[in-house]
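Remember, it's 1-based here, ligands and their atoms both numbered in the order they're listed. Count residues from 1 along the sequence. Just so it is clear, the model here is predicted, and its values are computed rather than measured.
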Amino acid sequence: MPLIDVRNVTKIFGARPERALARLKAGAGKEAILAESGNTVGLYDVSLSIERGEIFVVMGLSGSGKSTLIRHLNRLIDPTEGEIVIDGNDILKLSIRELEAFRRQKTGMVFQRFGLFPHRTVLQNVAYGLEVRGEPRAKRHARAAEWVATVGLSGYEDQYPAQLSGGMQQRVGLARALCTDPEILLMDEAFSALDPLIRGQMQDQLIDLQSRLRKTIVFITHDLDEALRLGDRIAILKDGSLSQIGTPAEILLSPADDYVRAFVKDVNRARVLTVETVMKPPPLRLTDETLEQALAEMQRQGAEIGYVVNARGYRGVVTRDSVNAAIASRAGPTVDEIAVGAPSIAPGASLAEALPATLSSTYPLAVISRDGSLEGTLSAAQVGEILTPSKDLEAA
Ligand SMILES: Nc1ncnc2c1ncn2[C@@H]1O[C@H](COP(=O)(O)OP(=O)(O)O)[C@@H](O)[C@H]1O
Ligand SMILES: [Mg+2]
């Protein structure tokens, strides 16, 4: 079961949304509705599920409904229509007290403009959520100090926000949101106000933190590069409606409509796509077969090449010809001994990193995971195919 389930949510701002809702369902557009009744369509029939432990990015142009969507997740906004189910609970049914407890315990929020308390020190800002919860001072300060250290701000505990750079202030914002150990982290354009260099560092830090914390993070951005970098999955909003939900590779390789195509057309695919998203499935894997067994196996599977991976790890490549030749010369008892080294590559490497090796290797590269298993193969031809923009992409 997903942690967050948004079901057919529509939000219409302004008085008496019923008529606007009916007009919307009859096919009227956002502009027309605004002109007719003054109502603004914030979201229209948005459904999406967010899994535990993923970074789910919501992307779209300014005004597309990103903030409206994220504010529904902790009920800063109630929908005009639809349901929001979190951890199996319909949050629209929570009483005010239950809602407060839910916000305090399950969610943490990081804002674009940092939202720090100017008259509180870094440590007091970070400890704020625990203070609201009524934790004793010593305990909350000890916990806050740990988070200050985790985001790399040790030594700044007693400074005030105005004494810090933007990037440092947002680290405080992040530490504050994490200090209450929320299951869900809501980040609305949290890095958008930062300079590109600092922004990149914050993205790195978030990825690093997430690899240890495994929170469920809903991250809003208008920046596609940021979305591709951070998102396990990305939802793209246009005028309050969903255009597409997919992994970065799906968004890049199969954009659903012209809006998404326009976003992705200038992306450097080689830097964004990883080997595992484009590799071929695992080829014939040989372990410690005798030459005769290996040959029989290759013939049976119609494979010209076999990749030898045994207890000693990836050993290299054999071909039908090399096995035949070895049998003729009685060269060795197992395939291991005649395998020739061919480069391998990690599944998480970018295509840009993999390309030189694919070009210099006679055989497709073996894609070998950290635990030594053979995940697939990657050839220069495959990389070339992916990096060549298709006709419809060029037209966008
Ligand atoms: N409180 C509000 N009252 C009226 N209209 C609003 C309100 N909040 C947002 N909107 C409108 O809803 C649409 C979506 O806004 P928003 O969610 O803030 O977009 P984004 O975060 O993607 O820039 C916009 O047209 C915006 O003007
Ligand atoms: Mg916004």
Worksheet item: Less than 4.5 Å apart, any side-chain heavy atom of L73 and any of V218?
Response: yes
Fill in: Student check: side-chain heavy atoms of L61 and Y259 closer than 4.5 Å
yes
Worksheet item: Between the main-chain N or O of G155 and the side-chain N or O of E157, is there a donor-acceptor pair closer than 3.5 Å?
Response: yes
Worksheet item: Under 2.8 Å from the Mg ion (ligand 2), how many protein N, O or S atoms can be found?
Response: 1
Item to complete: Find out whether L206 and F191 are in side-chain contact, i.e. whether some heavy atom of one side chain is under 4.5 Å from a heavy atom of the other.
Response: yes
Worksheet item: Can you find a heavy atom in the side chain of V151 that is under 4.5 Å from one in the side chain of V172?
Response: no
Worksheet item: Aromatic ring centroids of F117 and Y128 under 6.0 Å?
Response: yes
Practice prompt. Take Q301 and E297 through the test side chain to side chain donor-acceptor pair (under 3.5 Å) and record every step on the way to the result.
Written response: CA-CA 6 Å; Q301 298 207 16; E297 190 59 25; 2.7 Å; yes
Worksheet, complete the sentence: Within the heavy-atom cut-off of under 4.0 Å, ligand 1 is lined by F13, K30, T40, G42, L61, S62, G63, S64, G65, K66, S67, T68
Worksheet item: Taking the inter-plane angle between the rings of Y314 and Y307 on a 0 to 90° scale, is it parallel (under 30°), tilted (30 to 60°) or perpendicular (over 60°)?
Response: parallel
Worksheet entry | side-chain contact (heavy atoms from CB on, under 4.5 Å) evaluation trace for I207 with L230 | CA-CA 7 Å; I207 290 167; L230 294 177; 3.7 Å; yes
